[in-house]
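Report on the structure given below.
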Amino acid sequence: MLQHLNIRKAQEIYYLTMQRCREMMERKNTAEINQCKRKVRVCVATCNRADYSKLAPIMFGIKNNPEEFELEVVVLGSHLIDDYGNTFRMIEQDDFDIGSKLHTIVRGEDEAAMVESVGLALVKLPDVLQRLSPDILVIHGDRFDALALATAAALMNIRILHVEGGEVSGTIDDSIRHAITKLAHYHACCTRRAEQHLIAMCEDHSRILLAGCPSYDKLLSNNHRDDYMDIIRSWLGDKVQESDYIVALQHPVTTDIQNSIKIYGLMLDALISFNKKTLILFPNIDAGSKEMVRVMRKKGIEQHPNFKAVKHIPFDHFIQLVSHAGCMIGNSSCGVREAGAFGTPVINLGSRQTGRETGENVLHVRDADTQDKIYHALELQFGKRYPCSKIYGDGNAVPRILKFLRTIDLNEPLQKTFCFPSVKECVSQDIDHILETQSALAVDLGGTNLRVAIVGMRGKIVKKYTQPNPKTFEARMQLMLKMCADATRDAVSLNCRILGVGVSTGGRVNPQEGVVLHSTKLIQEWSSVDLRTPLSDALHLPVWVDNDGNCAALAEKKFGHGKGVENFVTVITGTGIGGGIIQNNKLIHGTTFCAAELGHIIVSLEGPECSCGSRGCIEAYASGNALQREAKRLHDEDLLKVEGLNIKQAEPITAIHLINAASLGNNSADAVLNKASTALGMGIVNILHIVNPALVILSGVLASYYHAPVQRIISERALQSAQNIKVLTSELEEPALLGAASMVLDYTTRRLL
C-alpha cells in the first residue's frame with residue numbers, strides 16, 4: 001500500500017514538472033515571437049513647409065499602422081520661425097505629436113548663416129536622436145537642414161531612408177542631395193531617371209525603391225474638390241475667376257544670389273504689367289531671401305491691389321490654387337513637379353531647376369534677363385491647359401514605401417556596400433517591392449464588348465476586364481472610366497506600374513488629338529469624340545488613341561510576325577475588313593487619317609453595297625457581315641442545305657454555316673467563298689503594288705480560312721516581283737489590346753531611355 005502511494009506521488013510530481021516546463025517554453029516562444037514582431041520605430045524629421053508636403057503622407061501611413069510602426073516626429077529649421085509662418089502648427093493641426101522641436105536656424109539669410117545653421121543643428125541633434133533611438137530616420141530632399149540630419153544619424157549608426165534622391169536640379173541643392181544619398185542606407189526615389197542616377201552613383205540596387213513622389217498621393221486624390229472656388233476666393237477675393245489668376249513662387253539661387261535677385265525683380269515688374277490677380281508666396285530661407293523680400297516690399301507688392309503676398313498656404317489649399325491657376329511662375333520645384341499633374345501651365349525662370357524632368361506644361365526662361373522676355377512668356381502660357389503628367393508619381397507612393405519599410409531587416413549589417421564598377425545597361429531586378437512591372441492600360445472599344453486590360457512590357461496580359469458595350473455615349477464613357485479606374489487600383493496589388501493608357505476603337509481616328517472623327521455603325525453616337533481628355537483628367541495618365549486596324553499592325557510590330565520587319569501590312573478579317581500599314585518602321589496615317597482603310601479598296605465597279613455607302617469594296621465581299629448576309633440569302637432560298645450540316649429552326653445563320661456548308665461540298669456556298677477570297681486576294685494584290693511590303697499578316701477570326709486562297713491569288717495575279725511575298729496568319733490572341741498597349745509601351749520606353 002505504501003509503495004503504491006509513493007509511485008502515485010512520484011507520477012504527480014513528474015506531470016507537474018512537465019506542465020511547468022511546457023509553460024516556460026510557451027512563455028519563451030511567445031517572448032521570441034513578440035521580439036520578432038516588435039514595432040519598427042520610425043523617426044520622420046521635417047525642416048520646412050515644402051518637405052512636410054512630401055513627408056506628411058508617409059507620416060499618415062505610418063500612423064495608420066500602429067501595430068507595425070511607432071512614429072516619432074522631429075521638427076526643426078524654418079518651421080519654427082515666425083517670418084516663415086510658424087508652420088510647425090500645421091503639423092500639430094494634422095494631429096501629429098511632435099517629439100522634439102529644435103531651433104536650428106541662425107538668422108542672416110546669407111551663406112555664412114546657412115553654414116552656422118548646419119553647425120547648430122549638429123550640436124543639438126545627438127541628444128534628440130539618442131533619446132528617441134529610432135530604428136530608421138526618414139529624411140527628404142536636398143536642404144542644408146537635411147544634410148545635418150543625415151550627418152548626425154550616419155555617425156550615430158541610425159539607418160536612413162532618403163526620399164527623393166537621385167534627382168538633378170542644377171544648384172547647390174544637387175551637391176547636398178547627392179551627399180545625403182551617400183550617407184543614406186535606403187532610397188525612395190520618384191522617377192526612373194532618378195533611380196538610374198542612384199545606381200550610377202554605385203548605390204545598392206536592392207536598397208532602392210522607385211516609389212513616386214509621396215505628395216502625389218494627396219494631390220491626385222484631392223485636386224477635384226467641389227469647394228475649390230471657395231478656397232481660391234478665400235485667398236484671392238470674391239471676384240477672382242477660375243484660370244484667371246497667377247501663382248508666383250521664386251526662391252534664391254545660392255550659387256548665383258545677385259542674378260536670382262535681379263530675375264525676381266524682373267518677374268515682379270512683368271507681373272505688374274500683365275495685370276492679373278496674383279498670389280505670391282514669400283521665398284524660402286536660403287541665402288538671398290532677405291534681399292528678395294526687400295525687392296518685393298520696395299515695389300509695393302504687399303499693398304498692390306492685384307497681389308496677395310503670403311508666407312504659407314496649407315498644402316490642400318495650395319493644391320487647389322495651383323490646379324486651377326491660369327499659370328504658375330517662378331523657380332519652385334512645385335512648378336516642374338506637382339503642377340504637371342494638373343496640366344497647369346508653368347514658366348520656370350533661371351537655373352534653379354535646370355536638369356529636372358518636366359512635362360510639356362513647362363516653358364523654360366533660363367536666361368530671364370529682361371522684363372519683356374518674361375512678359376512674353378506669360379502671354380504664351382497664361383490660360384493654356386496641358387495633358388496631365390505623372391512623371392513624378394501615380395498616387396501610390398506611400399503604400400510602396402510602407403511595403404519597403406516592412407522588408408528592411410534591422411539585423412542586417414549597417415555598413416553600406418557600394419556597387420562597383422558601373423552597372424550594366426539593364427538595371428531591373430525581379431524583386432517585387434523594389435521594381436514593379438512597367439505596364440500599360442489597354443482599352444478595346446468594340447461593337448459588342450468594352451474590354452480593358454493591364455498589359456506588361458512583353459505583351460503578357462496580367463488582368464482583363466470585359467463588359468457589354470453600352471449603346472449611349474454617356475453610359476459608354478462612364479463605364480470606360482470606371483473600368484480603367486478599377487484596373488489602375490488593381491495594378492498596385494498586382495505589382496504593375498501603369499505608364500499610360502492606349503485605346504483601340506473602330507472608325508477614323510485623329511491620333512494626334514486623341515479624337516474619334518467618324519465611327520463604324522457598330523458603335524453608335526461615337527463621332528467627334530475626344531477620348532484623350534476625359535481619360536487623362538480622370539486617371540492622370542498620358543493617353544493614346546488609334547483605330548483597331550492600326551492597333552493590330554502595331555501589335556504585330558511589337559509582339560508578332562512584324563517584329564523586326566521594316567515594311568509590312570496587317571489585314572483584319574472579322575466583322576468588317578480593316579488593317580494597318582507599317583512603312584519604314586512607322587505607322588502610316590495619311591493626311592486625313594484614312595490611310596489603310598483596306599476594307600474599302602474597290603475591287604468591282606458593280607459589286608454589292610458596302611456599309612461605307614459605296615459599292616464593290618473588299619468589305620462588301622469578304623467581311624464576316626458580308627458572308628453572314630450571303631449565308632442568310634442561301635438559307636432563305638433553301639440553297640444552304642448539304643448532308644452533314646444540321647441547322648436548327650431557331651438558330652441564327654452566321655458565316656460559320658456558310659464555311660461549314662462549303663467544306664461539306666455545297667457548291668453554292670463554295671462559290672460565295674471563292675468570290676470573297678478572290679475579292680480579298682485582289683485587294684491585297686493592289687496593296688502589294690502600291691506599298692510593296694515585305695510581308696502580309698492576316699489577323700482576325702477569318703484569317704486562317706483566307707490564308708491559302710490569298711497566297712494562291714498573289715502567286716497568280718501579282719506582278720512577278722511581288723509574287724513571292726509571304727502571307728502569314730497572326731498568332732496573337734488579342735491584337736487590339738496588345739496594339740493599344742504598344743502605343744504606350746513604345747513611347748514610354750523611348751522616353752525613359
Side-chain angles (χ1 to χ4, degrees), residues 40 42-45 51 54 58 118 122 125-126 129 134-214 355-357 392 397 400-436 438 497 752-753:
V40 178
V42 181
C43 178
V44 179
D51 78 7
K54 317 296 178 67
I58 302 174
V118 172
L122 286 171
L125 279 168
L129 294 177
D135 297 312
I136 301 167
L137 177 67
V138 180
I139 300 174
H140 168 271
D142 47 32
R143 309 296 301 139
F144 58 85
D145 323 70
L147 178 61
L149 282 160
T151 303
L155 291 173
M156 296 180 70
N157 290 326
I158 296 170
R159 298 173 193 274
I160 301 168
L161 171 63
H162 184 209
V163 179
E164 294 190 9
E167 297 181 17
V168 177
S169 59
T171 67
I172 190 64
D173 294 351
D174 275 348
S175 300
I176 295 175
R177 188 185 307 111
H178 301 331
I180 295 173
T181 290
K182 305 319 293 179
L183 292 168
H185 305 84
Y186 307 96
H187 313 273
C189 60
C190 297
T191 69
R192 182 74 59 191
R193 188 182 297 175
E195 179 195 38
Q196 291 172 344
H197 290 163
L198 290 172
I199 292 169
M201 292 164 67
C202 304
E203 292 300 310
D204 186 347
H205 306 182
S206 66
R207 294 187 173 195
I208 300 171
L209 170 69
L210 178 54
C213 181
R356 289 270 193 199
E357 297 171 72
Y392 287 95
R400 296 187 186 110
I401 291 171
L402 295 181
K403 186 177 180 182
F404 188 62
L405 285 170
R406 292 183 188 104
T407 65
I408 294 176
D409 182 2
L410 299 178
N411 295 316
E412 69 178 352
L414 186 66
Q415 178 59 49
K416 285 185 65 170
T417 57
F418 298 98
C419 298
F420 299 104
S422 298
V423 295
K424 297 178 182 178
E425 183 179 350
C426 180
V427 299
S428 302
Q429 290 196 9
D430 239 355
I431 304 176
D432 64 352
H433 69 274
I434 295 174
L435 185 60
E436 296 155 309
Q438 294 185 69
R497 176 179 291 275
L752 292 172
L753 292 177

Inset, instruction - Identify the two heavy atoms, one from Thr181 and one from Gly165, that lie closest to each other, and give their separation to 0.1 Å. - result: OG1-CA, 4.2 Å
Legend entry - Minimum side-chain heavy-atom gap Val42-Asp135 below 4.5 Å: no
Inset, instruction - Not counting sequence neighbours, which residues clear side chain to side chain donor-acceptor pair (under 3.5 Å) with Thr191? List them please. - result: Glu357
Inset, instruction - Quick one: closest heavy-atom pair of Leu137 and Ala45, and the distance? - result: CD1-CB, 4.1 Å
Legend entry - Side chain to side chain, Cys43 and Val138, heavy atoms closer than 4.5 Å: no
Legend entry - Heavy-atom side-chain proximity of Pro134 to Ile158 below 4.5 angstrom: yes
Legend entry - Heavy-atom donor-acceptor pair, Asp174 side chain to Ser169 backbone, under 3.5 Å: yes
Legend entry - Beyond-backbone contact of Arg356 with Val168, side-chain heavy atoms, under 4.5 angstrom: no
Legend entry - Closest non-hydrogen atom pair, Ala154 against Leu183: CB-CD2, 4.0 Å
Inset, instruction - Enter the distance from Leu161:CG to Ile401:CD1 here, rounded to the nearest 0.5 Å. - result: 6.5 Å
Inset, instruction - Report the residues that fulfil side chain to side chain donor-acceptor pair (under 3.5 Å) with Glu412, sequence neighbours left out, ordered by chain and then residue number. - result: Tyr186, Arg207
Inset, instruction - Please list all pairs passing the salt bridge (charged side-chain N to carboxylate O under 4.0 Å, His left out) test where one or both residues lie in residues 180-190, with sequence neighbours left out. - result: Lys182-Glu203
Inset, instruction - Kindly write out the residues that satisfy side chain to side chain contact (heavy atoms under 4.5 Å, CB included) with Asn157, not counting sequence neighbours, or none if the list is empty. - result: Leu414
Legend entry - Partner set under side chain to side chain contact (heavy atoms under 4.5 Å, CB included) for Val118, not counting sequence neighbours: Leu122, Phe144, Ala148
Inset, instruction - Find the distance between CD1 (Ile208) and CD (Gln196) and round it off to the nearest 0.5 Å. - result: 10.5 Å
Inset, instruction - Please round to the nearest 0.5 Å and tell me the distance separating atom CG of Leu210 and atom SG of Cys190. - result: 8.5 Å
Inset, instruction - Just do the side chain to side chain contact (heavy atoms under 4.5 Å, CB included) check on His178 and Glu167 with the steps written out, would you? - result: CA-CA 9 Å; His178 301 331; Glu167 297 181 17; over 6 Å; no
Legend entry - Validation row: Ile408, Ile136 side chains within 4.5 angstrom (heavy atoms): yes
Inset, instruction - Compare all side-chain heavy atoms of Arg143 with those of Asp173 and state whether any distance is below 4.5 angstrom. - result: yes
Inset, instruction - With the side chain counted from C-beta on, respond yes when Pro214 and Val163 share a heavy-atom pair under 4.5 Å apart, and no when they do not. - result: yes
Legend entry - Distance-minimising heavy-atom pair for Ala194 and Cys189: CB-CB, 4.1 Å
Legend entry - Listed partners of Ala184 passing side chain to side chain contact (heavy atoms under 4.5 Å, CB included), at least two apart: Ile160, His162, His187
Legend entry - Side chains of Arg400 and Leu209 in contact at under 4.5 Å (non-hydrogen atoms): yes
Legend entry - Closest contact, heavy atoms only, Gly141 versus Ile180: O-CD1, 3.6 Å
Legend entry - Sequence-distant partners of Asp142, side chain to side chain donor-acceptor pair (under 3.5 Å), two or more places apart: Arg177
Inset, instruction - Would you give the length of the straight line joining atom CG of Leu125 to atom CG of Leu155, rounded to the nearest 0.5 angstrom? - result: 11.0 Å
Legend entry - Inter- and intrachain pairs under salt bridge (charged side-chain N to carboxylate O under 4.0 Å, His left out), touching residues 151-164, at least two apart: Lys54-Glu164, Glu164-Arg337
